[in-house]
Structure formats: structure tokens, C-alpha cells
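Take a look at the structure below.
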Amino acid sequence: MLWSKAFIPTLKEVPTDAQVKSHILMLRAGLIRQLCAGIYTFLPLGWRSMLRVMDIIREEMDAIGGQEIFMPSTTPLELWAETGRDADMGEIMYRIEDRKGTAFALAPTHEEVITDIARGEIRSYKELPQVWYQIQNKFRDEPRPRSGVLRVREFLMKDAYTLCADEEQLHEEYKKQEMAYRRIFDRCGLQYFVVGASSGLMGGTGSEEFMVPSESGEDIIATCECGFAQNLEVAKSVPTKVRWKDADKAKVHTPEQRTIEQVSEFLGLPEGQLLKSLLYITQSGKPVMACLRGDHDLSEDKLQSAVGEAVRPAEPEEALKITGAPIGFLGPISLADKLEIIVDSAVEDEMPFATGANEVDYHITGYSLADIGKHRRADIRAVAEGDLCIACGKKLDLVPTIEIGHIFKLGTKYSKPMGATFLDEEGTAKPIQMGSYGIGVGRILAGAIELFADEDGICWPITIAPFEVIITPVNVSDEAVMSVAMAIYEELIDEGVEVLLDDREARPGVKFKDADLIGAPIRITVGKGVKDGVVELIDRKAKESENVPIEDAVEKTLELWDRLFAELSDL
RNA sequence: CGGGGCGUGGCGCAGUUUGGAAGCGCACCUGCUUUGGGAGCAGGGGGUCGGAGGUUCAAAUCCUCUCGCCCCGACCA
């Protein structure tokens, strides 16, 4: 490709709307443009990378027996009602009507469509397992799109579905998918963690996420050098010990002392000796009090799992009405018959804690769990900085990450309500055991940029770079320079290399800056060295360069090219 | 949905407090010079100041409504 003919609108300045590294660079390098909030066009350079990622995905999916299909985005709402997800999805799902007034949804995911095909066609265990996948746009009306292509409302996803006869077969297919995912992300040059995760709206019996570490990520994971890694939504850990002091039962006047920090200081007790009491209201309208150590934070995800339905924090007025005290002075004592009390499992039985007295400006001290009365114990706290690994006892690391893939064992969550059954060897009808496996294609690009970009721009892994080599003739009006550049360009194309020749009539500084910005892994500068018979070969990421004789330029480039691929091809 | 910020040529911004001729830098077009890290000089084109309504002799500027974008939180496969 000749740059003078290409559409690569690079930006010198940082657009004000972009804050995170990948977003800024994708705009500046001319990969994407925004149409409206959370909806982007991929321009030629960005789309070339997307296509390369898709090639890798297809190869690895096909290698484990996947068969590519293509499903529609327009889906009848009736289909979603069959599994109850029309309600579960809520406002995430874009809803539309056709001219007759029939309700449709733009598919946010495709389990129901797959299950519909399966129930229509799959009859016998002999037809199982099936592995179907597609690469298609998903539509989700996110409450807050953000961070460029990291959280968007319309995005390209590879989604695969396995249909199995039993749980063992499902487990086998799930493992194959996991291995394929590892190969895909390895080949894309990414660093990632595989973590235990919450299944959320997808449901099912288990799931794992593939997470790229990045400051711009929205998910926090807990990791340990022993290899343990879990999403904070579900992560477990060994809490630090509280050095509590003995205390007598007492009611203490604590005027205007509302926060854990204030009360801890006022009473002279460590934060961990306070009992943090948080009032929540369940979706069905029941009040629940969550009690944790003062130095711990509640995990709403875990609380929801413990309660079994969605919860929200109580409004201040509700808290006053239910407990008789304003927020800041709540506690579990004497509330056991009014509401459900869930005490975090990290709270020690014998510890004499201080907590709200359910009366304005008063706290109580010296009480312990035995004084609460009826309550339930559950793990409802978020893993905290300093917690120890449940596997090996070492200190956990909390790292922000981008979710690039998620694999689920769905079991019969969809096949049962939708009646997708098959006949087993005995001739009895059984629901199909399903799995679902997603990859965010755009997030792979963003993840790679987040991981490897430097102060000059993007540093693509060669496998997913829009161009593998950029040739920069320093002065296009110099015939000797141009003829050398063109000769190398044509030879590399013949060798199957993706090459961009920057034949623009621009000053060298402009071309160098743009070359660094768009991140081609290899640059060949053709300039003043030509009169001495050399060109410069540059490794973008390593920032190493060497002068090579013109006649060896293609060979040397191919050596570097091979080496960059080799680094990514094997585990 | 709660809180905050911002909408002025393609991009980045000033001007809004205190109403009085729409500006600057980059980019773009033409010419000359220059050619190894975002060139210099000269000339030139381009903006109903997000939109609607109002106040006023006069509105980018004041008032009301509205649309959009970004950030934090809630939410999120």
C-alpha cells in the first residue's frame, strides 16, 4: 500500500474526548472514529487489524472442530421471553418494533437463537457434540459507554456455542475452548490472566474470564504469584487479623461521628473492631443488613449471591424508617426480627465490636455476634489490599484488567426452558448441555495497545499489525532514494509481507512521527545512507536499529519478520 | 439514574465574568525556499459560536428549555 493513496487520518493533537491510552492512540493513529457515544467506525487501518485478529480466531476455532455460522441481529422478543431474559436484560437490550407493531430486540448475545436452531434440528446423541461459532455485532444499550472501544454499545464479538450430550462432554468441549482461547491470545501477543468469574446474566454452572492487565480496565482481579487468580466479584482471600482490645458493654455518646474512620478515632478502637452495618433493599422490597469488619468493604456482587436476588443500598429516609436512626448510626442489635442480618464470615465470633446504636449520635461497644440474635454468616466482603492467598498464603495483588474473553458452562439453563432436547442411547429425552464462549474482537486491539504502546505511539504485535513493515523514503524527490525504496517494497510484497510505503511529500520528521504512531513493528528508512549503499532497519518495539547494505535489506527484514512471528507463535 | 465538566472553522483552544466588528495555533490550498524527528516566508479559503425560544437598539456572551459529548459513581456478558 502506498501511503499517498491510503486513508490514514492521523492526529497530531489529543482529542479532548479521549482519556484512556488505547482510545487516544486509536483516534490519533486513524484506526477509528466515533459516530456517537459508544458507537465507532473502524477505518482502514483499524479494520485491517480487526481482520487479522478474526483470521487468528477462525483458525483456532476451526482447529477444535468449530463450524462458522452467521446469525441475525434482529430477533423476535418472544424468543427472549421463553428464557425470561427479556426481563433479566432490562434496558441493556435495544427494543424495536416492525411496521406491524411486533416487538423485536437487537441481539445482545445469541444463546436463545442458538438454542432455537438446536431444538429444531438436533434429535440424537449421535449428532453431539456440535461446536458452532460466529463473528458478529452485538448490541447493548450500556448505561455508560466509555473508554473508547472498551465499553461500547455496538461491537464485534466472536461467540461460540457447544452443544453436548452430558456434563463430561461439556467439560471436554469447555476445556478445548479454553485451550483455543489461550492460543488465540498468545498468538495476538497479549499478556493475560485466566480468572474464576461470576456468570452474571449468562447463568450456568461456572465461568472463567481472560483478562489483560491495564490501568484502563474496569474489572479488578486478585492474583497471586502461585498462579491463583480470581475476579474480585467472586474472589476469596484470607483476611488480615484484627488486634482487638477488650471492651465492656456500653452505650457511648458519639455526636456527629458517622464514618468508620471518625468512630474508630473517637473510640480509640482499630477500624477492624468496628462492625460496619449497611442497609440494603432487595428487589422484592425486603430490607437486609450486611455487617462487616470496619476495615472491609462490601462486595455487592457477593451480597446479591448470598441474598439470591438483586439488591440496592437503602435510601437515607428508608434507613431512618426501618432502624430509627440515620445512616452512620446503624447496627444489627435488636433488629433480628425486623430484617435479615447477614454477617461477613471474616468477623470473628469472640471479638467485642463497636457499632451503631440505632439512635442518633450513639454507638455501642463491647457487643459480640452472640448478642445479635438470629443472623446468617456468608462471605460478602470484597478482597482487600493486603489480604492473603487462600491457596498458598502469600500476599495477593489487586490488578485492574480488561475482559477480552469469557467462557461459560451454561448447562441446561437455555435448553430446558426452550425444550432443546435429544434422545440418548436409552431413547430418553434429555436437555442439551450447552456452553457459550465469547471474545471481544475490538478489545483485543485495545488491550494490545494498552499493553505495548510507548510515548511515541502504538507498538503492534506483528501478528495483528495493520502493516508489518513501513518503508520511509526520507525524500521522495530524490530519485536514488525512491528507486531503492520501491525495489525493497516490491520484493517484500512478493515475499508475502504486508508493507506500507510512505511516499508522501512530507518532511522526514512528519513521516517518522506517523510511522511510530501507527506502530508498524518494522521500519525501513531509506535516506542519506543510500549514497553509501545502506538503509536503516528498525525494530519499533525494541527501539533497535542497524544499517544494512541495500542488497541485503530484504533478507534482513525477513529475518526480523520471522523472528517477531516466532516470538508469538508458540507457547 | 445521581454528581461534575464541556459544546466557538477539520483538530486543539481564547473570547462568556462586565452584551458592542468572531479570533489564535495546527491542518488545508497556491508560490518560492527547505529535506534524517511534527520546516520558513508570502498569499489564500473555510465558522448561522450545538439547537429552539426569550430579554435587548444590539447576544458566542444574559434568561428559559432542549440536544449531544466526556469524566466519577450506580450498572455492566
Side-chain angles (χ1 to χ4, degrees), chain A residues 9-20 23-24 27-28 30 33-39 85 88-93 107-111 138-148 150-153 155 157-159 197-204 207-211 216-219 231 233 280 300-301 304 310-313 315 402-408 410 413 436-440 443 455-457 472-478 481-482 502 504-517 523-531 534-536 538 545 547:
Chain A
T10 58
L11 264 26
K12 188 146 71 170
E13 291 179 277
V14 179
T16 30
D17 281 352
Q19 323 283 328
V20 308
H23 188 197
I24 291 170
L27 289 169
R28 286 194 55 210
R33 285 295 181 266
Q34 184 182 59
L35 181 62
C36 58
I39 299 182
R85 284 215 295 181
D88 293 347
M89 288 283 177
E91 300 197 293
I92 280 285
M93 203 148 69
T109 174
H110 279 86
E111 281 75 19
K138 298 286 185 262
F139 299 84
R140 297 184 188 176
D141 191 0
E142 291 287 344
R144 183 149 93 83
R146 62 177 152 236
S147 309
L150 287 180
R151 181 157 295 279
V152 282
R153 299 195 289 173
F155 61 100
M157 181 192 244
K158 186 286 303 183
D159 46 323
S198 151
S199 325
L201 274 179
M202 303 294 290
S207 82
E208 282 163 294
E209 289 173 320
F210 294 76
M211 314 295 279
S216 309
E218 299 180 302
D219 286 290
N231 194 306
E233 292 166 351
Y280 275 77
E300 286 191 7
D301 293 294
Q304 299 201 11
V311 296
R312 61 166 176 85
E315 300 293 333
I402 298 165
E403 177 189 358
I404 51 170
H406 200 157
I407 57 179
F408 301 85
L410 300 174
K413 167 163 171 141
S436 130
Y437 316 86
I439 291 178
R443 283 185 179 179
E455 59 283 1
D456 295 315
T472 309
V474 162
N475 182 351
V476 292
S477 49
D478 182 325
V481 165
M482 268 316 272
D502 190 353
R504 293 175 299 170
E505 280 188 50
R507 297 177 62 79
V510 173
K511 296 189 183 193
F512 293 149
K513 289 289 184 191
D514 271 349
D516 287 344
L517 182 60
R523 188 174 98 210
I524 301 168
T525 303
V526 184
K528 64 188 177 192
V530 166
K531 64 180 188 300
V534 297
V535 296
E536 192 183 5
I538 299 145
S545 71
N547 285 324

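Everything numeric here is computed off the predicted structure, so don't read it as measured data. Chain A is the first sequence line, chain B the second, and so forth, proteins listed ahead of strands; every chain is numbered from 1. Scope of the values below: all heavy atoms of this structure, side chains included, with no hydrogens, waters or symmetry mates.
- Here the P atom of nucleotide B:G4 and the CG atom of A:D17 are 20 Å apart, to the nearest Å.
- The separation of B:U66 from B:G2, taken at their P atoms, amounts to 13 Å, rounded to a whole angstrom.
- Where A:T16 and A:P143 each meet RNA chain B at their nearest nucleotide, the meeting point lying more 5' is that of A:T16.
- Rounded to the nearest Å, the gap between the P atom of B:C62 and that of B:G19 is 9 Å.
- Across all strands shown, B:C24 forms a Watson-Crick or G-U wobble pair, both distances under 3.5 Å, with B:G12.
- Distance noted for atom C1' between B:G45 and B:G50: 24 Å (whole Å).
- One atom, CG of A:D301, and another, C1' of B:C76, lie 10 Å apart when rounded to the nearest Å.
- Counting any heavy atom pair closer than 4.0 Å across all strands shown, A:R312 reaches no nucleic acid atom.
- Under the Watson-Crick or G-U wobble criterion, with both distances below 3.5 Å, B:G37 has no partner in any strand shown.
- With A:K158 contributing its side chain and A:Y437 its backbone, the two residues share a donor-acceptor pair below 3.5 Å.
- Distance CG (A:L150) to P (B:C70): 13 Å, rounded to an integer number of Å.
- B:U61 and B:U56 have their P atoms separated by 16 Å, given to the nearest Å.
- For A:E91, the side chain to side chain donor-acceptor pair (under 3.5 Å) criterion is met by no residue, not counting sequence neighbours.
- Judged by distance alone with a 3.5 Å cut-off, a donor-acceptor contact links the side chain of A:E13 to the base of B:G25.
- In this structure, B:A60 makes no Watson-Crick or G-U wobble pair, since no nucleotide meets both defining distances under 3.5 angstrom.
- For B:U30, the paired nucleotide is B:A42, the pair qualifying as Watson-Crick or G-U wobble because both relevant distances are below 3.5 Å.
- Base pairing of B:G19 is not made with any nucleotide, judged by Watson-Crick or G-U wobble geometry with both donor-acceptor distances under 3.5 Å.
- At a cut-off of 3.5 angstrom, counting only N and O atoms as typed in the model, there is no donor on one side facing an acceptor on the other between the side-chain of A:R144 and the base of B:C75.
- Taking atom C1' on both nucleotides, B:G51 is separated from B:G44 by 32 Å, rounded to a whole Å.
- Under the 3.5 Å distance criterion, with hydrogens and angles disregarded, a donor-acceptor pair is assigned to the side chains of A:D514 and A:T10.
- Nucleotide B:C76 holds its C1' atom 12 Å from the CZ atom of A:F408, rounded to whole Å.
- Side-chain N or O atoms of A:K511 include one that pairs as donor or acceptor with a backbone N or O of A:P473 at under 3.5 Å.
- Across all strands shown, B:C1 pairs with B:G73; the Watson-Crick or G-U wobble distances both stay below 3.5 Å.
- Spacing of C1' atoms, B:U35 relative to B:G40, comes out at 12 Å, to the nearest Å.
- In this entry B:G7 has B:C67 as its Watson-Crick or G-U wobble partner, both defining distances falling under 3.5 Å.
- By the 4.5 Å heavy-atom criterion applied to side chains, A:I407 and A:E209 are not counted as neighbours.
- Judged purely by atom type and a 3.5 angstrom limit, A:R33 uses its side chain to pair as donor or acceptor with the backbone of A:L27.
- Straight-line distance between the P atoms of B:C57 and B:C71: roughly 44 Å, to the nearest whole Å.
- A:R151 and A:E142 are joined by a salt bridge, as a carboxylate oxygen and a charged side-chain nitrogen come within less than 4.0 angstrom of each other.
- Atom name C1', nucleotides B:C72 and B:U30: the rounded distance is 49 Å, in whole Å.
- Remark: A:Q19 is not in phosphate contact with B:C72, judged by side-chain N or O atoms under 4.0 Å from OP1 or OP2.
- The residue from A:M93, A:R153, A:M157 that alone fulfils the side-chain contact (heavy atoms from CB on, under 4.5 Å) condition with A:P108 is A:M93.
- When rounded to the nearest whole Å, the span between CG of A:D141 and P of B:A74 equals 19 Å.
- Atoms CZ (A:F155) and P (B:C76) sit 15 Å apart, rounded to a whole Å.
- Across the protein-nucleic acid pair, A:R146 atom CZ and B:C1 atom C1' stand 14 Å apart, rounded to whole Å.
- Summarising the geometry, the separation between CD on A:E233 and P on B:C75 is reported as 11 Å, rounded to the nearest angstrom.
- Within the 3.5 Å criterion, the main-chain N or O of A:L150 finds a donor-acceptor partner in the side chain of A:R443.
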In B/S/- notation (B base, S sugar-phosphate only, - none; protein heavy atoms under 4.0 Å), nucleotides 28-39 of chain B written 5' to 3' is ------BBBBBB
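- Across all strands, A:S147 comes closer than 4.0 Å only to sugar-phosphate atoms, never to a base (heavy-atom distances).
- In this structure, A:P15 reaches the sugar-phosphate backbone alone: every heavy-atom distance under 4.0 Å involves primed, P, OP1 or OP2 atoms, never a base.
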